[in-house]
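Working notes, structure below.
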Amino acid sequence: MKSAYTQHLIKLADLNHHETFFAGRCAEWLIEGSYFAIAQYLDTKNVVLLVQHGINFRFPLSVGDIITFESKVVAAGHSTLTVYTKVYRSNTPDQIAAYGYSTFSYLDDNHQSRRHNITIEPTNEEERLLQQEANEYVLESLKHANRNRNY
């Protein structure tokens, strides 16, 4: 699985009212990093975000922190790709500050989903676990979507 890396400097404008990294800005940058991972497989003009499965924060980040978003496609459906992104201070990559999964849909020119014919095969135990967790998130999202169709 190929990784895509992006880095950002947390500035005052990126903080929340607790003076820690704002979750909304983190979501923006996480989705952007995920999109870059997709670009290694598909022409992104035909890709849209389908589901942001959430962001799990482990510890706060502060102004002046330089952070890395490491993203990799970990699971593939017929027309979807799911990306795992982890966030860490660039000088301490072994300490994950946040992580999340994003699922993107591949579309045709009429904005309908279409097959991308991509397969993602884990090469180690960590990747196998990431793929399993990504598939669980996708299944949960499908269940949620089907429940809401009744409204």
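Under the rule for a salt bridge (Lys or Arg N to Asp or Glu O under 4.0 Å), the partners of Glu28 that lie at least two apart in sequence or sit in another chain are Arg25. The salt bridge (Lys or Arg N to Asp or Glu O under 4.0 Å) search around Glu121 returns none, not counting sequence neighbours. For the ring pair (Phe, Tyr, Trp, His ring centres under 6.0 Å) test, residues two or more places apart in sequence or in another chain that qualify with Tyr137 are His53, Tyr101. Scanning for ring pair (Phe, Tyr, Trp, His ring centres under 6.0 Å) contacts around Tyr106 gives an empty result, with sequence neighbours left out. By the salt bridge (Lys or Arg N to Asp or Glu O under 4.0 Å) test, Glu133 is found to be paired with no residue, residues two or more places apart in sequence or in another chain being considered. Residues forming a side-chain contact (heavy atoms from CB on, under 4.5 Å) with Tyr35 (at least two apart in sequence, or on another chain): Thr44, Val47, Phe104.
Taking OG of Ser34 as the reference point, atom CD of Gln52 lies at 6.5 Å (rounded to 0.5 Å). Rounding to the nearest 0.5 angstrom, the gap separating the CD1 atom in Ile31 from the CG atom in Leu49 is 5.0 Å. The distance from the CG atom of Asn16 to the SG atom of Cys26 is 11.0 Å, given to the nearest 0.5 Å. Here the straight-line distance linking atom NE2 of His8 with atom OG of Ser90 works out to 10.0 Å at 0.5 Å rounding.
Applying the 4.5 Å side-chain rule to ILVMFWY residues, one finds Ile10, Leu12, Leu15, Phe21, Trp29, Leu30, Ile55, Phe57, Phe59, Leu61, Val63, Ile67, Val87 in the same cluster as Phe69. Clustering of Ile, Leu, Val, Met, Phe, Trp and Tyr side chains at separations under 4.5 Å places Leu107 together with Val48. Cluster partners of Leu9, using a side-chain heavy-atom cutoff of under 4.5 Å among ILVMFWY residues and allowing indirect links, are Ile66.
Within a 6.0 Å radius of NZ in Lys45, no more than 12 heavy atoms belonging to other residues, nucleotides or ligands are found.
Tracing side-chain contacts under 4.5 Å through hydrophobic residues (I, L, V, M, F, W, Y), one reaches Leu42 starting from Val74; they form part of the same cluster. Note on Leu81 and Val51: separate hydrophobic clusters, where clusters join Ile, Leu, Val, Met, Phe, Trp and Tyr whose side-chain heavy atoms are under 4.5 Å apart, directly or indirectly. Two different hydrophobic clusters hold Val138 and Met1 under the rule that ILVMFWY side chains link at heavy-atom gaps under 4.5 Å. Linking ILVMFWY side-chain heavy atoms closer than 4.5 Å, directly or via other members, places Tyr84 and Ile120 in a single hydrophobic cluster.
Summarising the geometry of Tyr88 relative to Ile96, their closest heavy-atom pair is CB-CA, 4.4 Å, with the distance given to 0.1 Å.
Counting heavy atoms from C-beta on, the side chains of Gln40 and Val73 never come closer than 4.5 Å. Annotation: side chain of Phe22 is not in contact with side chain of Asp14 (no heavy-atom distance under 4.5 Å). Counting heavy atoms from C-beta on, the side chains of Leu50 and Thr80 come closer than 4.5 Å.
Side-chain atoms of Ser113 and Ser105 include no donor-acceptor pair closer than 3.5 Å.
Residue pairs that meet the ring-ring contact (aromatic ring centres under 6.0 Å, His included) test with at least one member in residues 109-131, sequence neighbours left out, do not exist here. Applying the salt bridge (Lys or Arg N to Asp or Glu O under 4.0 Å) test to every pair with at least one member in residues 54-81, sequence neighbours left out, gives these pairs: Asp65-Arg89, Glu70-Lys86, Lys72-Glu127. Residue pairs meeting the salt bridge (Lys or Arg N to Asp or Glu O under 4.0 Å) criterion with at least one member in residues 96-117: none, sequence neighbours excluded.
Each of Gln131, Glu126, Gln132 was scored for a side chain to side chain donor-acceptor pair (under 3.5 Å) with Arg128, with one residue passing: Gln132.
With hydrogens and angles disregarded, a donor-acceptor distance shorter than 3.5 Å links the side chain of Ser71 to the backbone of Gly33.
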